[in-house]
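Following: one structure in structure tokens, then a few remarks.
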Amino acid sequence: MDLTSPWLILLLPLASAVLITLFTQRWPRLSAGLSIAAVAGAFAVAASHLGAVLHGENVVLTGHFTWLAAGGHDFHYGYLVDGLSMVMLMVVTGVGGLIHVYATGYMKDDPGYARFFAYMSLFMFSMLGIVLADNLFQIFIHWELVGVSSYLLIGFYYRKDSASAAANKAFLTNRVGDFGFMLGILMLYFATRSATGSAGAGDFQAMAQAVANPAWLHAAVFSVGGGHWTLTNEHFLWIAGALTFMGIMGKSAQFPLHVWLPDAMEGPTPVSALIHAATMVAAGVFLLGRLLFIYMPSPTALSIVAHVGAFTAFFAATIATTQFDIKRVLAFSTLSQLGYMVMAMGLRGTDAAMFHLTTHAFFKALLFLGAGAVIHAVHTNDVREMGGLIRKLPFTGWMFVIATLALCGVPPLSGFWSKDGILHLTEHPPGYAHTWIIMLLPTITAVLTSYYMTRLVLLTFFGPPRDHHRYDHAHEAPLNMTLPMAVLCVLSVIGGPLLLGPEVLEHFRAITRPAGVPEQHYVALDAETALHALVIFGLGAGSALLAFGLRVIDPDKVKAALGPVYRFIDNRWYIDELYAWIVKNVQQNVARLCDAFDRYVIIGTVVNGSAWTTRAAGSVVARFQTGSVRAYALLFLAGVAALLALNL
Amino acid sequence: MEALVFWIAAAAMVGFTLLTIAARNPVYSACFMILSFAATAALFVLLDAYLIAAVEVLVYAGAIMVLFLFVIMLVNLRESEHEGLRLNPLMVLAAGTFLALMSRAVKDLGSAVQEAPNALVGTPGTLADTLFSRYAVPFEAVSGLLLAAILGTVVLARRKEDA
Amino acid sequence: MNAFLHDWVLTLILAVPCVAATLLFLVPAERKGLVRTLGVGSALLTTLLTAWLVFSYDQQAAGFQFMQKLPWVASLGISYQVGVDGMSVAMVLLTTIVFLAGALVSCGIQSRTKDFYILLCALVAGVFGVFVSLDLFFFYFFYELAVVPMYLLIGYWGSTNREYATMKLTLYLTAGAVVALVGLLLMYFTYGHATGHYTFDYLEMKRWVDGGAGFSRATQLSLFPLLLVGFATIAPMWPLHSWSPGGHAAAPAAASMMHAGVLMKLGSYAILRIALPLMPQGAVHWLPWVAVLCCFNIIYGGYVAMNQRDMKFVIGYSSSSHMGYVLLGIASVTVLGTSGAVFLMFAHGIMTALAFALIGYFYDQTHTRMLDDLGGLMQQVPFVGVLFVMMAMASLGLPGFANFASEMMVIVGSWERYPIPTILALFGLVIGATYLLRTVKAAFLGPKNPRWDGLRDAKTPLERSPFVLLVGVLLVCGIYPAPIVSLIETGVAPIVHTVQAAQAAMGG
Amino acid sequence: MITVQHWLVLSGMVFTLGLCGVMMRRNVILVMMSIEIMLNAANLALVAFNKHLAPVAGAVPPDGQVLVFFTIAVAAAEVAVALVIAMLLFRRLDTVNVDDVANLRW
Amino acid sequence: MGDATTSRLLEVFGTEIGLGALAVLLIVVDLLKGKGRLTGPADAVRLTAFVGLIALLVHAFTLHPAAPGALGTLDAFSIYWKRFFLLTATAVLALSGPYEARLPAGRGEFPALVVFTTMGMCLLASVSDFVTLFVGLEVVTVTTFLLAAWRSALPRSIEAGIKFVIIGALAAAFMVYGIAWIYGATGSFDFAVVRDALARADAAGGPSGALKFGLLLVLVGLGFKIGAVPFHVWIPDVYQGSPTPVTAFLSVGSKAAGVVLLMRFCWDVLGATAQGHEWLLLLAGLSALTLLMGNLGAIPQTDLKRFLGYSGIAHAGFLIMALATHTQDSAGAILFYLLTYLFANIAAFLVVIVVSRTADNAHMDRVNGLAERSPFLAFMLTVSMLSLAGVPPLAGFFAKWMVLRAAVAVPELLPLVILSAVMIVVSLYYYLCIIKRMYMREPIDAGVLEVPGGARLVLLGCAVASVLFGIWQAPLVEAARVGAAALH
């Protein structure tokens with residue numbers, strides 16, 4: 001096999017996962033080495049195609065084999081390397097590789113060290129499968145595999161009840177999303193099946209071509225489910241889009257399927273960094289990009305996407321302001337940022353979304369790694385037990401601060417470029433999204449982001465230490481943890497045009513923009529934009545500083561003043577409670593009802609009833625045999641009489 | 001003349017039969033039954049079945065009934081154990097139905113039978129010829145049956161002390 | 001040798017368990033080692049034969065192969081006729097694998113080992129017989145033969161409420177079987193009446209049907225439900241399922257494995273093999289009802305499973321839920337969906353066999369399967385735990401396991417025919433994930449219950465082999481399903497085309 | 001004139017009386033006597049039928065009377081057997097009442 | 001008796017004559033032994049009986065159908081049954097071996113009576129007129145009366161005898177009365193004449209009331225013999241009370257004799273009339289009642305023999321269904337059915353004899369935990385029960401299959417077929433209950449059971465036959481087919 005074959009990108013992590021599981025469990029170091037080597041290899045293979053993709057306008061690499069075929073349906077397994085996937089490949093393997101290195105330090109004393117790396121490799125395989133997939137079904141397969149790797153990694157500390165509960169929650173929430181996703185896939189597949197000719201089932205390129213064909217797009221009606229329903233093209237597109245988007249909402253934790261992500265912080269911190277910040281949750285955004293050709297012709301579908309994204313961004317940001325668990329704050333922040341990306345997709349800003357995805361991967365991973373280093377040092381997640389750690393962990397602290405600034409969009413850090421690109425989109429939203437949610441909430445969210453991140457930094461690293469015992473034992477992380485942080489820090493800082501130069505950035509945008517997406521022009525760094533960004537940052541950071549740094553405002557008084565509003569936000573808008581209520585009172589009762597029906601009606605009444613009736617009939621019949629021979633004679637005669645009466 | 005004999009004998013047969021099944025004392029029953037059989041024998045004579053009539057008297061009224069009487073004596077029921085007629089409505093219904101259905105059969109006899117009696121059919125000679133030619137098999141079988149019955153009754157009656 | 005095998009392989013596959021059972025009779029009951037060796041040896045031998053069969057089946061030629069026909073009772077139109085198409089090859093393979101795993105798992109049985117293996121062999125012989133018979137008499141003969149040994153297997157070696165469960169199971173299945181029997185006999189008579197040739201020869205009837213003659217529409221409409229209800233009892237189709245969870249729960253490991261893994265497949269197999277191709281118009285008329293009822297299987301079964309506290313009941317109801325997918329795939333009569341159904345029969349067979357083998361393994365030690373009593377077993381028995389998680393993942397339709405591929409085939413295949421049941425089936429996957437993950441968590445994850453400190457994990461290769469075998473098959477067929485699917489397709493496609501042609505004719 | 005119907009009705013009445021006897025009497029011996037009455041009625045019917053058969057080819061063979069012979073012989077055997085069992089019953093249980101022997105039931 | 005008659009007698013009734021002679025010989029041997037003049041093994045009588053029966057059985061296999069003629073018929077059908085009855089008698093004698101200890105007196109006469117009964121049965125296989133039918137039937141009935149009461153020390157044996165006698169004599173009275181009416185309506189006792197009369201009557205708008213009356217009463221008498229409801233009343237009590245070998249004899253031989261006569265009745269007497277709606281419905285109704293009563297009644301039973309009695313009624317229901325079907329296929333099915341029934345029932349009763357050896361009754365508790373006490377016996381009883389239940393690969397399965405296969409050819413019988421199918425399930429229930437007792441219950445009597453060698457051999461033979469003919473049915477089916485083909 002060619003050493004640059006994209007198959008290798010999939011095979012290496014898979015091989016690593018299998019090898020570790022089957023053979024090298026007993027040698028943790030070797031396992032970690034295998035795992036890192038696999039990622040590095042995948043990175044190298046991916047990078048070998050970088051140039052081609054960067055320089056050619058439409059260079060795509062494809063390849064496939066038939067995974068399953070029956071009855072004229074060909075399900076392929078293949079790869080599709082284009083600009084969009086190349087960006088994801090680099091992010092996933094690059095950031096992923098760094099996190100692997102970090103994990104060698106973080107997981108050092110864990111008894112499940114080898115197992116951890118096996119899971120990580122499995123995750124890499126699954127994730128890269130999504131990235132490389134050339135058809136919907138393959139993406140679904142890897143979608144599920146990513147789900148299970150996430151399940152395994154969240155539940156890594158399986159001795160803890162909360163960890164396995166969180167893992168279940170993540171899996172199930174994603175399953176609900178995938179329910180819609182598969183329905184969407186079915187609708188799309190069958191609608192384009194005749195138009196895609198001999199291509200494999202759900203092949204992206206063939207589908208995109210088919211959809212681009214005006215004859216298809218303007219078909220009078222679409223039949224769904226073999227003609228059980230017929231839909232006009234507008235309805236068809238938005239319904240199919242919305243259903244597919246359910247899958248994306250699950251994976252990218254968009255409201256209302258976001259509930260699993262905060263709980264997912266039960267997993268080891270590198271996992272949070274890799275899966276729940278940098279890569280897996282971005283898969284939804286990536287898929288939106290892949291499928292944008294479906295959404296593009298349908299303003300309704302795009303509008304749904306944009307609104308869900310915008311609302312999620314705001315919603316998560318509000319919650320983040322109240323949390324005290326360092327990882328949870330970051331989790332909600334991730335939700336919020338994903339909301340931005342999804343919204344950008346809904347506003348047809350594929351390139352902006354992908355750009356933000358990339359930069360977000362850098363600084364959010366850095367934040368998580370920093371948080372991990374902190375947790376590693378003080379053995380708690382609760383910021384109320386921290387404080388002043390900048391003195392003990394100067395390197396980590398400053399890294400964290402830089403990442404925060406990047407996240408808050410302070411120019412000229414990477415976050416500024418990507419986030420402002422998205423905010424720019426909201427200033428002149430297309431007609432279908434011309435609502436206050438799109439126009440107002442993202443900006444408010446930006447302020448809130450600055451607020452909660454500053455609050456987090458202040459509580460964690462500045463001020464007096466609140467738990468001296470923990471403070472005293474804190475120590476800086478080892479090199480294998482700090483080094484990846486440093487690399488990420490560099491990327492976070494220069495991830496924008498500083499790294500690549502404006503031309504490359506433009507090119508980046510070009511390659512991540514699927515065919516048919518109208519080109520949009522983004523602002524360059526100028527004084528007005530920078531000022532705008534700084535004002536937003538200043539508002540948020542300033543209020544946080546007043547409350548938590550300078551102690552001018554007592555946060556408790558604010559809390560008391562806000563009363564129910566605060567409680568509402570603190571309790572995550574009671575969404576989890578609502579779901580718990582539904583699970584407990586609706587689902588559980590349906591289950592009980594079915595069980596009771598089975599127990600008492602089907603088994604108790606019908607089955608046992610007929611058995612009982614037969615036995616009872618037997619006893620009755622046997623009672624005819626009274627033992628009295630005269631009765632027998634009578635019965636005999638009665639039989640004779642009846643026989644004669646009936647037949648004479 | 002024949003009719004008169006028929007009616008008298010028929011009345012006797014029915015009457016004695018009724019008395020047989022109705023008598024409280026088994027000994028009386030047996031005696032009535034002998035009388036009933038005698039009436040039957042008379043009826044057989046009326047039907048020109050002389051040999052059968054003779055056998056009826058000798059075997060039935062003679063041998064079999066004596067056997068009955070013998071056993072009745074042997075068993076020697078106490079007076080209190082004599083029982084009378086117990087009519088059960090179900091029983092009456094069943095018997096009545098049977099009789100009613102039989103009367104329907106009587107009305108629809110088919111062509112093989114004629115109403116009036118035939119010429120002489122049953123001389124002992126023809127009877128014997130038939131018995132030993134066409135019915136040789138049942139004849140031999142009956143002998144076997146009687147032998148088996150004797151054997152069996154002897155065995156059963158002989159055993160007293162086994163327990 | 002090859003030529004000989006070609007004619008005799010099916011008979012040999014059938015004969016090996018029979019001969020093993022007979023030999024076991026002659027072995028003194030005390031020689032348990034010898035008994036086990038014989039049991040496992042016969043399983044290995046059938047495995048070899050089946051492997052030869054699978055690799056020698058000519059997919060290009062398709063159709064029935066390895067045919068053998070001997071006159072049996074000529075005056076009654078009965079002949080011993082065996083042959084396999086792609087579908088039956090897959091089922092024979094399934095049976096063999098489960099048999100081998102079951103025989104290995106049963107090595108742990110201490111009481112009346114000999115009798116156990118005799119019954120197991122008899123059961124397996126019956127199942128093989130059903131899958132290879134091409135004569136309706138022998139089909140039914142083996143069908144019944146497969147049902148009855150289960151009575152003793154559960155009754156003697158079983159657990160929870162075994163006497164009730166085994167009686168219910170046996171009677172229920174026999175009830176279904178006799179309904180089917182009436183249908184089969186009427187079919188036989190109708191065919192004989194129409195053609196003047198009274199025979200139980202399946203192929204002859206099929207040729208007659210394919211040749212354009214076939215049963216009258218009225219006959220088909222009235223006989224099809226008899227066959228359907230009869231065979232669907234063992235499938236088991238809602239609301240005829242109630243024999244199954246209790247039976248699963250009561251049965252000893254190997255019996256549940258055979259029961260859930262193979263026995264339940266007889267029903268759907270019989271529907272596909274007999275009812276559909278011989279009565280295509282009946283199928284067109286009645287299958288929509290199956291599509292409705294299978295939703296109950298999926299959703300209702302899933303919800304009932306959710307409310308169970310006994311692990312085997314969870315898996316038991318989940319089986320009836322999964323069988324809903326099989327029925328949906330059959331009802332869809334599309335090549336994709338129906339092949340998917342057969343593939344799912346295969347996958348589910350392996351998967352439940354694994355489930356029951358695992359549950360049996362630790363139940364032997366814990367003597368409880370109640371979720372509330374268990375907990376944290378993963379720490380104590382990691383090997384069993386990991387395999388259990390894999391089993392659960394396979395069961396909830398995780399890609400990489402054969403179950404996913406087959407369920408996907410069913411769903412994609414039936415979408416165009418029965419969209420609403422398909423949507424429910426998709427929702428069923430959510431329900432399935434719910435109860436399976438909950439079960440995994442309750443039993444294996446979380447803090448360990450100190451009560452289970454003494455539990456022993458499967459350590460020796462012999463102990464591990466059945467589990468590894470089953471999970472390996474699931475993975476191999478799940479990661480690259482194309483070969484087995486194309487094998488199954490060769491068998492399923494003609495059946496589907498027959499029904500589709502009837503549908504076209506009726507619709508026109 | 002006395003027709004065949006007269007004979008048949010007579011025999012039927014006696015047969016029914018015998019039936020009633022079987023059902024009404026509790027004494028085993030009387031039950032057996034009732035059965036003898038039934039057999040006797042059957043004999044009467046046989047002889048009467050024989051006498052009234054339409055001649056087919058000249059004469060009527062006395063087949064009916066032959067069966068009467070056999071019936072009487074068989075009845076004798078039956079009675080012998082029945083009576084010996086009744087005697088056993090009396091010896092063992094000191095009763096000849098059939099209502100007292102109803103231990104085998106249900 | 002003329003020469004022609006004698007030679008015909010010898011040709012057709014050779015077996016019966018042999019049996020009669022054997023019976024006499026047995027009596028003589030018994031007498032000699034009793035007087036101490038015959039030394040040798042204690043069971044010289046049984047030995048003689050065995051040798052004689054087996055010799056006759058061998059002889060029966062050399063029989064060839066004789067030309068139709070007077071006195072009786074010797075066609076393939078009767079030959080099949082003669083073999084069957086001789087086999088049954090041999091088996092019953094073998095069965096009585098382990099039971100002998102419980103027959104303190106009259107050991108010698110027991111085989112003689114069995115041989116007499118067998119003679120009657122064989123005779124019935126050859127009947128061609130109602131007189132022989134009646135007499136032959138009475139030979140069987142009266143001798144079995146005696147056998148039922150044979151354990152005269154036991155009240156229940158006497159009770160069985162008394163009930164059997166009363167109901168049997170009642171049935172005989174009905175039968176004679178019926179024969180009288182048939183005679184009156186047709187002028188003859190000959191089956192052939194009656195059939196011709198019926199055929200003529202059918203052509204002319206149905207038989208006369210008298211003929212129907214007579215036929216129905218004969219049917220009652222025969223129904224009594226096979227235990228058709230409501231003429232089954234004696235069966236449970238008599239089966240329970242009689243000595244076990246006798247019960248076995250009743251359940252197989254006596255029932256088969258009734259079946260033979262019913263087949264003669266349906267084919268040789270009714271002929272085509274039986275296919276008419278009226279008779280079909282009548283037999284179907286009887287079959288339905290019998291199936292219901294037998295199967296349901298068996299469920300609550302706790303005595304093994306009584307249980308087998310009900311089970312026998314249930315099987316009679318199946319046989320009547322085959323009679324109602326009235327095709328050559330169904331006749332073959334009956335012939336096959338009874339043979340499988342023979343193997344299963346003989347084995348069952350033999351097990352009953354062995355397990356109840358130490359007890360005075362045959363309560364089902366006796367088989368509890370039998371699998372522990374004697375795996376061999378438990379297995380044999382399992383085979384027998386499953387064969388009775390109709391489970392493959394046992395012969396009973398194929399028998400049921402044949403009956404049902406034949407029955408579906410008659411559309412009117414469909415409801416009955418369905419009922420019988422349901423009853424198969426019910427019957428499986430109670431047979432499984434026995435198996436349940438053997439394998440899943442604790443024994444009430446922990447001792448190991450000794451199985452005598454002879455019993456072991458018979459059991460093994462029955463089981464092997466059940467399995468062998470369940471799988472390799474062709475030879476028996478062929479024999480049954482040839483036998484059935486001889487019917488009109």
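So that the names make sense, note that chain A is the first sequence line, chain B the second, and so on, each numbered from 1.
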Non-hydrogen atoms of chain B under 4.5 Å away: do they reach the side chain of [X], the backbone, both or neither?
X     : result
D:E78 : neither
D:V84 : side chain
D:L19 : side chain
D:N43 : both

Among the options [options], pick out the one with the most heavy-atom pairs lying under 4.5 Å from chain D.
options                     : value
B:A95, B:A105, B:P138       : B:P138
B:L67, B:V113, B:L109       : B:V113
B:L43, B:T20, B:L146        : B:L43
B:V92, B:I150, B:V59, B:T40 : B:T40
B:A149, B:A63, B:S29        : B:S29
B:L131, B:I52, B:D129       : B:I52

Worked check of side chain to side chain contact (heavy atoms under 4.5 Å, CB included) between D:D63 and B:Y135:
CA-CA 9 Å; D:D63 294 28; B:Y135 297 106; 2.8 Å; yes
Can you tell which part of [X] gets under 4.5 Å to a heavy atom of chain D, answering side chain, backbone, both or neither?
X      : value
B:F6   : side chain
B:F98  : side chain
B:V142 : side chain
B:A141 : neither

Does atom CE (D:M13) have a neighbourhood of more than 12 heavy atoms from anything else shown, all under 6.0 Å?
no
Quick one: pull up CD1 in D:I37 and CE in B:M13 and give me the separation to the nearest 0.5 Å.
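Output value for this atom pair is 8.5 Å.
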Hey, could you give me the CD1/CE distance between D:I35 and D:M32, rounded to the nearest 0.5 Å?
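Rounded to the nearest 0.5 Å, the CD1-CE separation comes out at 4.5 Å.
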Could you walk me through whether D:Q65 and B:Y50 pass side chain to side chain contact (heavy atoms under 4.5 Å, CB included), step by step?
CA-CA 10 Å; D:Q65 296 190 25; B:Y50 305 113; over 6 Å; no
Could you check whether the rings of B:F37 and B:Y60 sit parallel, tilted or perpendicular, using 30° and 60° as the cut-offs?
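It falls in the tilted class, 30° to 60°.
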Starting from the C-alpha separation in whole Å, work towards a yes-or-no answer on side chain to side chain contact (heavy atoms under 4.5 Å, CB included) for B:L47 and D:H52.
CA-CA 9 Å; B:L47 286 166; D:H52 291 82; 4.0 Å; yes
